[in-house]
Amino acid sequence: MNRVQIALLALPGYFTSITNIEGLAATDLFALNTLLSATIEVEVVNTLNRIRDVWDPENEWSLYRFERQAQSFPDVILRKDASSVEHIALGVELKGWYILAKEGEPSFRYRVTPDACTDWDLLVVVPWHLSNVLSGTPRVSTPGCWSARYAAEYRNYWWQQVRRTNKDRSIRSPESVTPYTGRENTSDKPVTDSGGNFGRIARIGIMDRWIKQIVGEPLAGIPAKDWIVFLKKHKERPNRQ
């Protein structure tokens with residue numbers, strides 16, 4: 001369903017939120033990624049169901065709707081009913097990314113094994129910010145969309161073949177995994193990962209061009225990347241009275 005991806009890319013024009021943030025110190029803004037990303041993800045799902053005419057203009061999927069399922073992979077599914085996995089059309093692993101988070105890139109770990117993904121499943125990252133930069137309601141920018149299976153396969157390839165290390169590059173994958181069976185025992189696990197970096201998908205290259213585009217977009221006339229530098233400087237060196 002390519003139209004689902006089209007609908008996801010159209011999110012900035014349809015997304016709305018009743019959440020409003022006021023009175024937060026600028027140096028505390030970094031915490032918003034933890035506080036609000038789950039709320040943003042819920043509102044993205046609500047938006048997708050509201051704009052059905054974008055992804056189902058011929059009404060071919062009238063009995064299907066997007067549902068969020070916490071603690072499962074993928075965390076959003078397009079399904080007909082809850083009776084069988086055969087009634088799931090596709091899944092979306094949905095991640096919110098607060099653009100002004102101090103990392104300057106999405107920081108989540110994506111560890112799912114490729115066999116848990118179908119060819120239709122997507123990994124989607126939704127970047128967001130506040131309407132007045134330091135306050136206001138959440139607004140989203142153009143999401144990044146990738147094949148969930150490809151992202152998992154390339155992550156493993158990068159871990160074993162591309163990164164520079166003298167340590168064991170082996171990865172242990174769960175056996176007998178099939179799509180839509182939940183998150184339990186669906187994760188690949190590296191034999192050696194002392195830094196806890198396996199799954200840092202933003203660091204393997206597939207998101208580079210998109211991330212550069214997002215942090216280069218202006219917020220109140222100033223590129224997001226410059227806001228990040230400014231906020232980090234004052235977070236690390238608070239003003240002294």
Side-chain angles (χ1 to χ4, degrees), residues 4-15 17 26 29-41 43-44 47-48 73-76 92-112 114 117 121-131 133-134 138-159 161-164 193 195-236:
V4 170
Q5 190 165 346
I6 292 173
L8 286 162
L9 295 176
L11 270 178
Y14 294 95
F15 181 86
S17 174
L29 286 174
F30 290 144
L32 286 179
N33 199 54
T34 301
L35 292 173
L36 285 184
S37 281
T39 299
I40 300 300
E41 292 163 17
E43 292 173 340
V44 167
T47 301
L48 286 172
F73 176 84
D75 48 22
V76 176
V92 177
E93 183 69 358
L94 183 65
K95 301 294 182 182
W97 167 37
Y98 178 48
I99 298 173
L100 298 187
K102 61 184 177 181
E103 294 87 356
E105 64 184 19
S107 60
F108 67 91
R109 270 74 167 173
Y110 180 67
R111 299 188 176 101
V112 67
C117 310
D121 293 341
L122 297 172
L123 169 63
V124 176
V125 184
V126 179
W128 63 275
H129 62 279
L130 297 179
S131 56
V133 185
L134 304 182
R139 301 281 178 83
V140 302
S141 298
T142 304
C145 301
W146 299 268
S147 161
R149 180 188 289 274
Y150 171 77
E153 290 174 340
Y154 187 77
R155 175 207 61 217
N156 288 358
Y157 170 79
W158 182 90
W159 187 262
Q161 305 294 333
V162 178
R163 72 187 181 109
R164 297 180 179 179
D193 183 19
N197 290 314
F198 181 74
R200 289 291 293 266
I201 203 77
R203 297 184 176 181
I204 68 174
I206 65 174
M207 296 183 174
D208 288 357
R209 182 180 298 180
W210 173 75
I211 291 173
K212 183 178 181 180
Q213 171 192 328
I214 295 300
V215 299
E217 292 180 353
L219 302 181
I222 299 174
K225 59 184 178 181
D226 292 340
W227 280 108
I228 296 170
V229 172
F230 172 78
L231 292 170
K232 285 179 67 175
K233 177 180 178 181
H234 288 276
K235 180 70 173 179
E236 295 165 0

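Electrostatic pairing of Arg155 and Glu153 does not count as a salt bridge here, judged by no charged N lying under 4.0 Å from a carboxylate O.
Taking every heavy atom of both residues into account, Ser17 and Glu43 meet most closely at OG-OE1, 2.9 Å. The heavy-atom pair separating Tyr98 from Ser37 by the smallest distance is N-OG, 4.4 Å. Closest approach of Arg149 to Cys117, counting heavy atoms only: NH2-O, 2.5 Å. Of all non-hydrogen atoms in Ile228 and Gly104, the two that sit nearest each other are CD1-CA, 3.9 Å. Nearest heavy-atom pair across Tyr14 and Ala10 is CD1-O, 3.3 Å. Nearest heavy-atom pair across Pro106 and Val125 is CG-CG1, 4.0 Å.
The CG atom of Leu32 sits 12.5 Å away from atom NE2 of His129, with the distance rounded to the nearest 0.5 Å. Atom CG of Leu8 sits about 5.0 Å away from atom SG of Cys145, to the nearest 0.5 Å.
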Query raised in the report: Going through the distances and angles, do Phe108 and Arg200 end up as a side-chain contact (heavy atoms from CB on, under 4.5 Å)?
Result: CA-CA 6 Å; Phe108 67 91; Arg200 289 291 293 266; over 6 Å; no
Query raised in the report: How far apart are the C-alpha atoms of Trp158 and Arg163, what are their side-chain angles, what is the distance that settles it, and do they pass the side-chain contact (heavy atoms from CB on, under 4.5 Å) test?
Result: CA-CA 6 Å; Trp158 182 90; Arg163 72 187 181 109; 3.7 Å; yes
Below 3.5 Å, can you tabulate the donor-acceptor pairs from side chains in residues 202-224 to any protein atom, sequence neighbours excluded?
unit_1 : atom_1 : unit_2 : atom_2 : d
Arg203 : NE     : Glu105 : OE2    : 3.2
Trp210 : NE1    : Thr142 : O      : 3.1
Glu217 : OE1    : Ser141 : OG     : 3.4

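Just one of Leu29, Leu100, Ile99 meets the side-chain contact (heavy atoms from CB on, under 4.5 Å) condition when paired with Trp227; it is Leu100. Each of Ile40, Val126, Leu48 was compared with Phe15 under the side-chain contact (heavy atoms from CB on, under 4.5 Å) criterion, and only Ile40 meets it.
Under the 4.5 Å side-chain criterion, counting only non-hydrogen atoms from C-beta, Leu123 is not in contact with Tyr150. Counting only heavy atoms from C-beta outward, the side chains of Ile201 and Trp146 never approach each other to under 4.5 Å. Looking at Tyr110 and Lys95, their side chains never come closer than 4.5 Å, going by heavy atoms from C-beta outward. Considering only heavy atoms from C-beta on, Asn156 comes within 4.5 Å of Phe198 through its side chain. Contact of the Trp159 side chain with the Tyr154 side chain is not registered, since no non-hydrogen atoms from C-beta on lie closer than 4.5 Å.
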